[in-house]
Amino acid sequence: MRTLFISDLHLEESRRDITDAFLRFLRAHATGADQLFILGDFFEAWIGDDERTPLQEEVAEALKTVTANGTRLYLMHGNRDFLIGEDFCQRVGGELLDDPTVIDLHGTPTLLMHGDSLCTADVEYQKFRKTMRDPQWQTMFLKRPLADRQLVARQLRDMSMAKNQGKKEAIMDVTPEDVVASMEQHGVQRLIHGHTHRPAIHELTANDEEARRYVLGDWEESVWWIEVIDDQTPELLKESL
């Protein structure tokens, strides 16, 4: 068994280099793997499954090729692409996962999250997240014309970039106590997430035992992924973009 995890690619038209790196990753690593998990912020923005840009169509076809060859695909919402829906998942042969989700990773219970819900020191963002994840808000938003949604997405992105520039780095990282609380709530000793763009493997204590938190990197400058083969220890891997 070989399982791969990626997150925070932030695919967009202006970064063709990242899209090309992803397509290479699919050919070189994902094709032939048993499972591929994409843990959020796959796209820089997603305003509904009815928007089908050339980039989105190209990526969908590439994923469909991988799943057609036997790789099981799982997608989790991030803070940028939380409107990815069942229509897109069906098109690519994937399955949408709740955040958080516990899986049996080759015999080890493993908690999967995007990671933004762990950044509880950023109170302003958590309020925003609660609004954006509200089903009623999403239903109303998706009823708006596509052009309106595209405009709102650009405005929200500009606001987010402006606000983040003034925030302290520690505020945008996870809160350690909430990491432990989440792991203990789900009864696991292993957590894999993205979002923070701080790739690392952290050793900690949860459930009164040794535990590990694996953080995926973003694809701004390098390709990051986690690979797990059989019951071996997960590896955090990196290659040039």
Side-chain angles (χ1 to χ4, degrees), residues 1-10 18 21-22 24-42 63 66-67 69-78 94-119 173-241:
M1 285 284 290
R2 185 164 65 93
T3 298
L4 308 176
F5 298 87
I6 58 175
S7 73
D8 299 281
L9 281 69
H10 297 273
I18 299 179
F22 174 63
R24 290 196 304 271
F25 176 83
L26 291 183
R27 292 191 297 268
H29 301 287
T31 300
D34 295 279
Q35 303 177 106
L36 171 62
F37 289 83
I38 304 177
L39 300 184
D41 284 1
F42 183 31
L63 286 174
V66 171
T67 58
N69 287 324
T71 300
R72 294 188 297 280
L73 172 66
Y74 302 92
L75 299 102
M76 180 177 286
H77 289 148
E95 179 180 337
L96 200 57
L97 294 179
D98 291 333
D99 180 6
T101 287
V102 176
I103 64 168
D104 180 346
L105 183 55
H106 307 181
T108 300
T110 301
L111 177 61
L112 306 181
M113 308 177 73
H114 174 58
D116 58 334
S117 62
L118 297 170
C119 301
D173 200 359
V174 302
T175 302
E177 294 82 3
D178 289 310
V179 169
V180 173
S182 293
M183 297 181 75
E184 292 184 340
Q185 177 185 351
H186 293 90
V188 300
Q189 304 308 116
R190 179 190 290 167
L191 165 64
I192 298 176
H193 72 83
H195 178 68
T196 62
H197 298 189
R198 302 177 185 191
I201 301 174
H202 301 272
E203 296 186 353
L204 61 146
T205 300
N207 303 296
D208 296 320
E209 296 181 12
E210 293 182 357
R212 285 189 177 182
R213 175 169 68 96
Y214 295 82
V215 186
L216 286 156
D218 67 288
W219 287 32
E220 174 69 21
E221 298 178 352
S222 302
V223 173
W224 289 93
W225 76 99
I226 288 172
E227 183 170 310
V228 186
I229 299 176
D230 297 329
D231 60 353
Q232 297 177 22
T233 300
E235 288 189 90
L236 179 61
L237 302 171
K238 172 187 176 183
E239 65 183 24
S240 299
L241 190 65

- [ ] Quick one: pull up CD in Q35 and CG in L105 and give me the separation to the nearest 0.5 Å.
- [x] 7.5 Å
TODO: Quick one: closest heavy-atom pair of L39 and S7, and the distance?
DONE: O-CB, 3.7 Å
Task: Heavy-atom closest contact (M76 atom, L112 atom, distance) - done: CE-O, 3.6 Å
Task: Parallel, tilted or perpendicular, as decided by the 30° and 60° cut-offs, for the rings of F37 and F5 - done: parallel
TODO: Please examine the side chains of P234 and R190, heavy atoms only from C-beta on, and report whether any two atoms are closer than 4.5 Å.
DONE: yes
Task: Non-hydrogen atoms of C119 and T196 that approach each other most closely - done: SG-CG2, 4.2 Å
- [ ] Anything under 30° is parallel, anything over 60° is perpendicular, the rest tilted; go ahead and classify F22 against F25.
- [x] parallel
Open item on the list: So which atom in M183 and which in R212 form the shortest heavy-atom distance, rounded to 0.1 Å?
Closed with: CE-O, 3.8 Å
Task: Candidate list T3, D34, D231, D230, test side chain to side chain donor-acceptor pair (under 3.5 Å), partner H106, passing option - done: T3
Task: Shortest non-hydrogen contact between A33 and R2, atoms and distance - done: N-NH2, 3.4 Å
Task: Interatomic distance, E220 atom CD to L241 atom CG [nearest 0.5 angstrom] - done: 8.5 Å
Open item on the list: If I compare all heavy atoms of E184 with all of D208, which pair ends up nearest, and what's the gap?
Closed with: OE2-N, 4.5 Å
Open item on the list: Distance check, rounded to the nearest 0.5 Å: L96 atom CG versus L73 atom CG?
Closed with: 10.0 Å
